[in-house]
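Computed from a predicted model, the values in this text were never measured in an experiment. One-based numbering, in listed order, for ligands and for the atoms of each.
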Amino acid sequence: MPMERTKEMTSVGADWDKFYTAEISSKLPFFSREGRLYDCLFAQQLTRELLKQLFKTADTLRAVTQKKAGADFVSGLLSHKRGMLYFVQPSTRTFLSFLNACHILGVKTSEIRDTSTSSEVKGETPEDTVRTFSSYVDLIIMRHPAPGFVEKAAWLMNRTGRPVPIINGGSGKDQHPTQALLDMYTLYRSFNGEPDGKKIVMVGDLKRGRTVRSLSYLMKNYKNVNLAFVSPKEFKMEPDILEFLNKHSIPYTETEDFSSVMREADAIYMTRIQDEHDKAGESKKVDYSPYYFKKEHLKIIKKSCVIMHPLPRRHEIEPEVDTDPRAMYWRQERNGMWARAALISHIFGVDLKIKP
Ligand code: NCD
């Protein structure tokens, strides 16, 4: 069913450049229908209420699918749907967790993981390639190196006669909303509820890491959250995120000294250096060694502090930390599959059928 658009939305939506640079709040209605997300593109779409609902669905899904009867029931919910995974930037976790999330719900999947195997090598524009998918499938999950491309694909698709929902699986160094979703789900499970009043420390290449950007956006949903950004001065959090936090009165501090904030952290979120975005080998000039969580730090942090990482890891967390009960990154991965399955069930409106 084509979405109903108000006059205002149509005028905002008529010209891509105008649309792209418009205030995010004015765009959001374009990407939802009947009170649900249609496309999931930005972390700003994820409200406190929606997150709570998705986490409940994710919890229920993981419980009911433990038994064959439950797993069979759930895998029938979307067995009439087909999904396309268009991942033209490297991915292990996001790809596999989405693929398996689709399978949990019965969505049949196809994939493109490399533009050299698609007609883009024949000169087809990526926009035409994406439009082609909609001839065959009912859902597109996309990871793309160019910031804004996933949004453009959703914008284009919503203007065709056969729109299909698009989920952003990572767009450039810009956004990774479903990573933020699973990160928040991990915090939620670890804290036994919302992260109100918690101190969350994000560490590493904050300038080019899309996970920390998207997770920062989610903090607007919670009360008295305190953020600390720990990074080398070359890779500080970008001003647009700091402005967002200021606008929503979310307190944050910035430091290069990891040890100064470790003790008081309720969650420590480590990230790797994002050197794929280097223009002239700038990462090599930065000393990343202080942004390393070592075994000895386990003695310093709170007993309840959770240690997270979106992964892949390089040298940000000493492998000996893995066996500590506060190391949450492997569970975080798995949480991703359930949170993404919950999101897909929400988009197709079958979430309410998933009951304990
Ligand atoms: C992250 C990504 O792709 O942005 N990985 C992921 O999705 N789990 C983080 C990273 O690559 O550093």
Looking at ligand 1, does any of its N/O atoms fall within less than 3.5 Å of an N/O of Arg272?
yes
Below a 4.0 angstrom heavy-atom separation, can you tell me which part of Pro312, side chain or backbone, both or neither, approaches ligand 1?
side chain
Side chain Asp266, main chain Lys198, donor-acceptor under 3.5 Å:
no
Please examine the side chains of Met142 and Ile166, heavy atoms only from C-beta on, and report whether any two atoms are closer than 4.5 Å.
yes
Exam field: side chain Thr271 to backbone Val203, donor-acceptor pair closer than 3.5 Å
yes
Flag, side chain of His248 to backbone of Ile250, donor-acceptor distance under 3.5 Å:
no
Charged N to carboxylate O below 4.0 Å: is that the case for Asp351 and Arg36?
yes
Can you tell me the protein heavy atom closest to atom 3 (O) of ligand 1 and the distance?
Arg210 NH2, 2.9 Å
For ligand 1, which atoms sit closer than 4.0 Å to a heavy atom of His176?
2 (C), 4 (O), 6 (C), 7 (O)
Contact between Gly170 and ligand 1, counting heavy atoms under 4.0 Å?
no
Please, which pairs that meet salt bridge (charged side-chain N to carboxylate O under 4.0 Å, His left out) have at least one residue in residues 95-122, sequence neighbours excluded?
none
Looking at Glu318 and Lys294, is any side-chain nitrogen of the basic one under 4.0 Å from a carboxylate oxygen of the acidic one?
no
Would you mind checking which non-hydrogen protein atom is closest to atom 9 (C) of ligand 1, with the distance to 0.1 Å?
Leu311 O, 3.7 Å
Taking only non-hydrogen atoms of Gln89, do any sit less than 4.0 angstrom from ligand 1?
no
Any Glu333 heavy atom less than 4.0 Å to ligand 1:
no
Logged contact type for Thr211 with ligand 1, heavy-atom cut-off 4.0 Å, is side chain
Contact atoms of ligand 1, heavy-atom distance to Gln179 under 4.0 Å:
6 (C), 7 (O), 8 (N)
Counting only heavy atoms, which portion of Arg314 has something under 4.0 Å from ligand 1: side chain, backbone, both, or neither?
neither
Quick note, salt bridge (charged side-chain N to carboxylate O under 4.0 Å, His left out) partners involving residues 40-56, not counting sequence neighbours, are Arg48-Glu194, Arg48-Asp196
Any atoms of ligand 1 less than 4.0 Å from a non-hydrogen atom of Arg143? List them with their elements.
3 (O), 7 (O)
